[in-house]
There are 2 protein chains.
Amino acid sequence: MARTQKSADDPRRRILDVAAAAFAASGFEGARVDQIAKRAAVNKAMLYYHVGDKDVLYETILLETIEDALARIAAATASSKTAEDRLRSTVATIADTARRHSHFAPLMLRELASGGATLPDRVMQRMRDVFQAVRDALEQGTRSGEFRAVDPVATHMFIAGSLLVLLAGGPIRRRIRQLTDVPKVSVADRSPADIASFVCDVVLEGLRPPAAPRALRRRTPLKKKN
Amino acid sequence: MARTQKSADDPRRRILDVAAAAFAASGFEGARVDQIAKRAAVNKAMLYYHVGDKDVLYETILLETIEDALARIAAATASSKTAEDRLRSTVATIADTARRHSHFAPLMLRELASGGATLPDRVMQRMRDVFQAVRDALEQGTRSGEFRAVDPVATHMFIAGSLLVLLAGGPIRRRIRQLTDVPKVSVADRSPADIASFVCDVVLEGLRPPAAPRALRRRTPLKKKN
DNA sequence: ATTCAGTTTAACTAAATGGTTAGCTGAACC
DNA sequence: GGTTCAGCTAACCATTTAGTTAAACTGAAT
């Protein structure tokens, strides 16, 4: 029992959650083991006892999140018929992963920034599988003619970039808003699901084959405000 | 003379360049002052003498880059008539800034990840001006009817996100490619100018008003490969 | 020769960091 | 009663870190 409990008073769980927030906020090198232990209300030695050193801590958090994302993507796309459905399901699932693990987007952005220099190989390989899922949907659409011939790598980076920045951009947007006193509400402030829809809408608009009849288009309605 | 020289043997210039690379690679907290001094081939005390402490170093680098970007955006958009021209010029200029200051995209991604927590106010304000430039183009297009009614904040985050990730994604793409042995070439591996065009193409496709005649569309041609 | 601002250096400090150790506790088990 | 053992703690350690100091060098003006 002691090994598998997932409740909030499981010290291991607490450590991982606190560490994820710390890594997201300050990066791997900026996060402080002492501070993580303190915030998780455990003695520092317990952190090493329950999880391992800083590298293991980091790898564990990333793997946990990515495995979760992969499992959900597989489940969500199992019944997808069209490429559009598949792309929307995949992107929505990634966005939902970011919602449930709020450290996900910041960590990915940091890894992008450092070129994955600190990414353990095991994590790298699973990340590639996530990338592959998006690319599969794109290539399926290209093959079937549902999408126009498209550069899958560039399009994937495009989707990943806009999605991650929209998801992680909340705090910085809030800071800018303070300076500009523009109290408007934007799609960017909506739920991850809405953000995923927005990204898919714009991208699908670009992926549609040139001659596709208008009637086929389906746009997720999103209230617009001035 | 000694104060304003910009050549490579100006120690201040060398320090700033090396530090920019270090901050981009490891983040503010991960970058090491000793290492920066060593790589710039100056005594550490010289770094403090010529530039200042780590915060000043960071702020100087960011401000330098952003001021440069702002000046170039102003110059590039001065003659823009249509909103599309203006948007393309702005985005292309930002991409070109990233080309000329290779640390720019990673630094921005990191700041996004941390919510701008470590951004000095002065930098924050100038960044806002860059954001404003993109948003101005979007709002001009919406007002003139050139673009459909669009969420300027979300669209801007969309553009910034895809652009930054495409620009900074080279190294991680290379690492993934090693694992997947997919030696394909993608738009993502082209020049910043091509990347900017690609982003603008996809976004403009989404911004086009629904009833716009096909003839008005202009797509930058980009070789497609399988 | 002296002065003097600008520049450079090696050596230093105080604090923080990641990681370890030896030992305590209390329940389970014989 | 004694042993075991996962869970836990306080104190410690070696190293690294950002930042400082005081002394010295340089080269031109006086």
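Here is the naming used below: chain letters follow the sequence lines, and residue numbers restart at 1 for every chain.
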Next item on the list: With sequence neighbours left out, write down each residue that passes side chain to side chain contact (heavy atoms under 4.5 Å, CB included) with Glu59(A), or none if nothing qualifies.
Entry: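 Partners of Glu59(A) under the side chain to side chain contact (heavy atoms under 4.5 Å, CB included) test: Leu63(A), Pro120(A), Arg122(A), Val123(A).
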Checklist line | Nucleic acid footprint by protein, nucleotides 15-20 of chain C - heavy-atom cut-off 4.0 Å, B for base, S for sugar-phosphate alone | finding: --SBBB
Margin query: Does Arg32(A), at its CZ atom, have more than 12 non-hydrogen atoms belonging to other residues, nucleotides or ligands within less than 6.0 Å?
Written below: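 For Arg32(A), atom CZ is crowded (more than 12 foreign heavy atoms under 6.0 Å).
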Could you give the [atom1]-to-[atom2] distance, from [X] to [N], as a whole number of Å?
| X | N | atom1 | atom2 | answer |
| --- | --- | --- | --- | --- |
| Tyr49(B) | dA5(C) | OH | C1' | 8 Å |
| Met46(B) | dA10(C) | CE | P | 12 Å |
| Arg12(A) | dC8(D) | CZ | C1' | 17 Å |

Next item on the list: Hey, can you tell me if Tyr58(B) and Phe28(B) have their rings parallel, tilted or perpendicular (30° and 60° cut-offs)?
Entry: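 Judged by the thresholds at 30° and 60°, the geometry between Tyr58(B) and Phe28(B) is perpendicular.
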Checklist line | Centroid-centroid distance, Phe131(B) to His156(B), less than 6.0 Å | finding: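 Yes.
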Notebook entry, point to check: Looking at Leu163(A), Leu167(A), Asp194(A), which one forms a side chain to side chain contact (heavy atoms under 4.5 Å, CB included) with Val199(A)?
Noted result: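 Among the candidates, only Leu163(A) passes.
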Margin query: Would you say His50(A) places a side-chain N or O within less than 4.0 Å of OP1 or OP2 belonging to dC8(D)?
Written below: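 For dC8(D), OP1 or OP2 has a side-chain N or O of His50(A) closer than 4.0 Å.
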Note to self: Can a donor-acceptor pair be found, under 3.5 Å and without considering hydrogens, that links the side chain of Arg110(B) to the backbone of Ala25(B)?
What the structure shows: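 Indeed, once roles are kept as given, a pair shorter than 3.5 Å links the two residues.
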